[in-house]
2 protein chains.
Amino acid sequence: MATIDDVAKASGVSKGTVSSVFSKKRPISKEVTERVLAAAKSLHYKPNYWARSLASRTTRILGLNIRGESLEFGQFHHSLLNGVLRVCYDNGYRLLVNTLSPAFLSQVENISSDPVDGEILLDPIESDGRIEERLQSGMPIVVIGRPPGPYEAQVSYVDNDNAGMAAQVTRYLIELGHTEILFLNAPVSRTVSEDRGAGYRNALALAGLRPKPELMMHKPLRGETAHAFGYEAALAKLIASPDITAVIADTDMMALGVYKAAERLGLRIPEQLSVFAFSDDSVLSPEFSPPLTGTRLHADRLGAEALQLLLEQLNAAQKSAKRVLVPTELVIRGSCAAPAARGS
Amino acid sequence: MATIDDVAKASGVSKGTVSSVFSKKRPISKEVTERVLAAAKSLHYKPNYWARSLASRTTRILGLNIRGESLEFGQFHHSLLNGVLRVCYDNGYRLLVNTLSPAFLSQVENISSDPVDGEILLDPIESDGRIEERLQSGMPIVVIGRPPGPYEAQVSYVDNDNAGMAAQVTRYLIELGHTEILFLNAPVSRTVSEDRGAGYRNALALAGLRPKPELMMHKPLRGETAHAFGYEAALAKLIASPDITAVIADTDMMALGVYKAAERLGLRIPEQLSVFAFSDDSVLSPEFSPPLTGTRLHADRLGAEALQLLLEQLNAAQKSAKRVLVPTELVIRGSCAAPAARGS
DNA sequence: CTGCGTTATTAAAGCGGTTTAATGATGCTT
DNA sequence: AAGCATCATTAAACCGCTTTAATAACGCAG
């Protein structure tokens, strides 16, 4: 590959001039520009991205950081990715998807700063080392989902109104007549589970019902798949507490597990068991009979807004911690109904 | 951010030694290693990715290149991406999603070599400048989909057996009793459309039917969405040729357009019109009534195999052009049936 | 003509690492 | 005790570009 020196030599000017022709950071007379461009073309010259980045300390690449342990790229993530990609596209940025297993990242020979101008962090958890790290190195970030407490005021983030959303669905179920509502929540450590849990409890309390701790379960962070957890947990709880008439599941995968448990127990949905999931995921929808009542999270908007915030932050003189909440809507399909006596 | 010099100074050794401690390319005594690591930690030192790449001429980043014009990231692409990401994850590579609009790429100040060790090229078209460019610069690539003729023997690629697949479905429809089968194909310039078209014609010929050119239409490369094209094209053709009893659509989006056209014309599916799509896309499935008969493309396997090939190529002494075909399966749901007289 | 302000170009000094060739230390053989 | 591998460390060159500070070229007013 030809280098800038070759071009400089070929066109009889200095490197600096060639550089300016390409970067347009300094005016170069028309004739020189043409001469350089011609030489570059005949040599098949293209500036070296790495060298350019090193010298200019900027890459025009943004990162999407998924927690290493979970490479579970579901519909939500894909939709989110779509939003992110679109904004990247419009603004001339490339997107680097960070996909390094913890095994790799922990090796000495692999540690290094991330090769991006800024990053979007997905799925924050309670003690999320990633945030501290970025803050320390001055890397601009935007989090999708609420960052853990200590950082909430320091970093920009985009989120759904999780508490409100959980309250809304709980209220909906209560209005249908349910009182014993099992909540199969996201892992304890995920900040989202806390918010949704709070919304659920609030709605119960507001309706004069006492939230029972044993009716809220959290998926383990690792281990079991969402589907397996949904199945096992629902099965166990439904057997232990025959009063339960409704289940709120974290994801549609989990809801699928609940469907399976219901089938195993001979419970008809929605007549004998109402099921809900925080998901507008339709990939699985053919699997669901009856169709799953859920919520529209607008993951693509989450992604787009996050990237927008990140871009703002890159261009801003001084950064401020902004928050964007993306509204959600209940999508009522066929899996929730007024409760009937079990076994009827 | 601390640099390697700071660490060298702090631990009383030279840059070279620090470099070796991190890269492990040369043995360093245990005590020195510890001293350096300690200094690095206290200075929050992390090697600069770009400086490292520049010097070592390698990035451990792979690229996923989508043709600039079409940022239509559908289910197929997402599934493919999943496959790619998984292999990246297992092998310690990051993935750079190339999302630059042609507008950006054509600006002088933006041209530059891609900052990756190798690339996967999506959706090849007949005269695909991308391939020539990569070949010239020596960038390792793997194409997903058949590359245009001149390059087929030069580059590695992964593909479905498109001709076989098209032949299979055509045969299936013929066996059901259809003879006038409308084929709404991918854009002419996409290599995939040629292969599928050939399979379609072959199957017809083998069954003793003469393929009618007017029964094959191609979506324009730009402009119209797949949905709009499916609707318009099907509507026009179904009106013009009342004999048509079956439609093969390129994508499910396009099939949705066909459904709409059928509805408009008062044609019941599948009784009066059979519809098929080359897609296992279930995102839209709730929209389809009856459920769409299609094919399983295993996009994730396409992605995974492609990345695998790329990795092989990176490690191989001399590169050879390999081909991997991923099998497909017909997925029979409810949108195809034996033809009945129209208007009955 | 001289002097000065503009503008275009260049030489050289980074950017932050890797790598090569040379140096120094160490132990082992003879 | 000298000679000689062996191994760890270092100084310096280099990767290919950007950018700063200096220089050259030019036009124009005085």
Side-chain angles (χ1 to χ4, degrees), chain A residues 1-37 39-40 43-61 108-117 137-138, chain B residues 1-37 39-40 43-61 108-117 137-138:
Chain A
M1 202 62 190
T3 75
I4 200 173
D5 281 298
D6 301 330
V7 177
K9 230 162 277 172
S11 50
V13 298
S14 74
K15 304 172 27 159
T17 304
V18 177
S19 174
S20 302
V21 167
F22 279 92
S23 69
K24 292 194 175 163
K25 296 227 172 149
R26 182 195 346 271
I28 297 292
S29 67
K30 191 159 185 186
E31 51 173 348
V32 172
T33 299
E34 278 168 10
R35 195 143 42 92
V36 169
L37 251 28
L43 290 172
H44 296 302
Y45 168 73
K46 290 196 167 187
N48 179 304
Y49 207 101
W50 316 316
R52 189 182 256 192
S53 302
L54 176 57
S56 63
R57 318 169 109 342
T58 173
T59 66
R60 294 199 71 85
I61 294 179
V108 175
E109 58 265 47
N110 289 323
I111 65 167
S112 78
S113 59
D114 270 341
V116 296
D117 291 345
S137 68
Chain B
M1 201 62 188
T3 74
I4 200 173
D5 282 298
D6 301 331
V7 177
K9 229 162 278 173
S11 49
V13 297
S14 75
K15 305 172 29 159
T17 304
V18 177
S19 173
S20 302
V21 167
F22 278 92
S23 68
K24 290 195 174 162
K25 296 228 172 147
R26 183 196 344 273
I28 297 291
S29 68
K30 191 158 185 185
E31 50 173 349
V32 172
T33 299
E34 278 168 9
R35 195 142 42 92
V36 169
L37 251 28
L43 289 172
H44 297 302
Y45 168 73
K46 291 194 168 187
N48 178 304
Y49 206 100
W50 297 108
R52 190 182 252 190
S53 300
L54 175 57
S56 63
R57 318 168 113 337
T58 174
T59 65
R60 294 200 71 84
I61 294 179
V108 175
E109 57 265 48
N110 289 323
I111 65 166
S112 79
S113 58
D114 270 341
V116 296
D117 291 345
S137 69

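On a predicted model such as this, the values are computed, not experimentally measured, just so you know. Chain naming here is simple, since letters A, B, ... match the order of the sequence lines and numbering starts at 1 in each.
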Distance check needed: [N] [atom2] versus [X] [atom1], whole Å only.
X: A/His44; N: D/dG16; atom1: NE2; atom2: C1'; value: 19 Å
X: A/Leu43; N: D/dG16; atom1: CG; atom2: P; value: 14 Å
X: A/Asn48; N: C/dC15; atom1: CG; atom2: C1'; value: 13 Å

Do the side-chain N or O atoms of B/Arg57 get closer than 4.0 angstrom to the phosphate oxygens (OP1, OP2) of D/dG16?
->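 So the side-chain polar atoms of B/Arg57 do come within 4.0 Å of the phosphate oxygens OP1 or OP2 of D/dG16, strictly under.
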Phosphate OP1/OP2 of D/dC17 contacted by A/Tyr45 side-chain N/O (<4.0 Å) =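 Yes, A/Tyr45 has a side-chain N/O under 4.0 Å of OP1/OP2 on D/dC17.
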Closest heavy-atom pair and its distance - [X], [Y]:
X: A/Tyr49; Y: A/Ile61; answer: OH-CG1, 3.7 Å
X: B/Thr59; Y: B/Asp117; answer: N-OD1, 2.8 Å
X: B/Ala10; Y: B/Leu43; answer: CB-CD1, 4.0 Å

Over 60° means perpendicular and under 30° means parallel, so classify the ring planes of B/Tyr45 and B/Phe22, tilted if in between.
->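 Taking B/Tyr45 first and then B/Phe22, their aromatic rings stand perpendicular (interplane angle over 60°).
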Tell me what B/Ile28 touches on the nucleic acid: a base, only sugar-phosphate, or nothing, going by heavy atoms under 4.0 Å.
->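 If one applies the 4.0 Å heavy-atom cut-off, B/Ile28 turns out to touch the sugar-phosphate alone, with no base involved.
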Is a side-chain donor or acceptor of A/Ser56 paired with a backbone partner of A/Arg52 at a separation under 3.5 angstrom?
->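 At least one qualifying donor-acceptor pair exists.
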Does the B/Arg35 side chain pair with the main chain of B/Ser11, one donor and one acceptor, at a distance under 3.5 Å?
->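 Side chain of B/Arg35 to backbone of B/Ser11: a pair is present.
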Which of the following nucleotides, [options], is nearest to the side chain of [X]?
X: B/Pro27; options: D/dT9, D/dC15, D/dA8; value: D/dA8
X: B/Ala55; options: D/dT19, D/dC17, C/dT18; value: C/dT18
X: A/Ile4; options: D/dG16, D/dC17, C/dG17; value: D/dC17

Selection: residues 29-36 of chain B, any non-hydrogen atom under 4.0 Å of DNA chain D |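 Those residues whose heavy atoms fall under 4.0 Å from DNA chain D, taken from residues 29-36 of chain B in numerical order, are B/Ser29, B/Val32.
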Contact residues, residues 13-24 of chain A to DNA chain D [heavy atom, < 4.0 Å] |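 Here the set is A/Lys15, A/Gly16, A/Ser19.
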Step-by-step side-chain contact (heavy atoms from CB on, under 4.5 Å) determination, B/Thr58 to B/Ser53 | CA-CA 5 Å; B/Thr58 174; B/Ser53 300; over 6 Å; no
Terminal helix-axis angle for the helix from C/dC1-D/dG30 to C/dT30-D/dA1, with five pairs defining each axis and rounding to 10 degrees |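 About 60° separates the two local helix axes.
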Start at the 5' end of DNA chain C and walk down; is the nucleotide closest to B/Arg26 or to B/Pro47 reached first?
->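 Checking each residue's closest nucleotide, the 5'-ward one belongs to B/Pro47.
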Side-chain donor-acceptor contact under 3.5 Å, A/Ser113 with B/Asn48 =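 Side chains of A/Ser113 and B/Asn48: no pair found under 3.5 Å.
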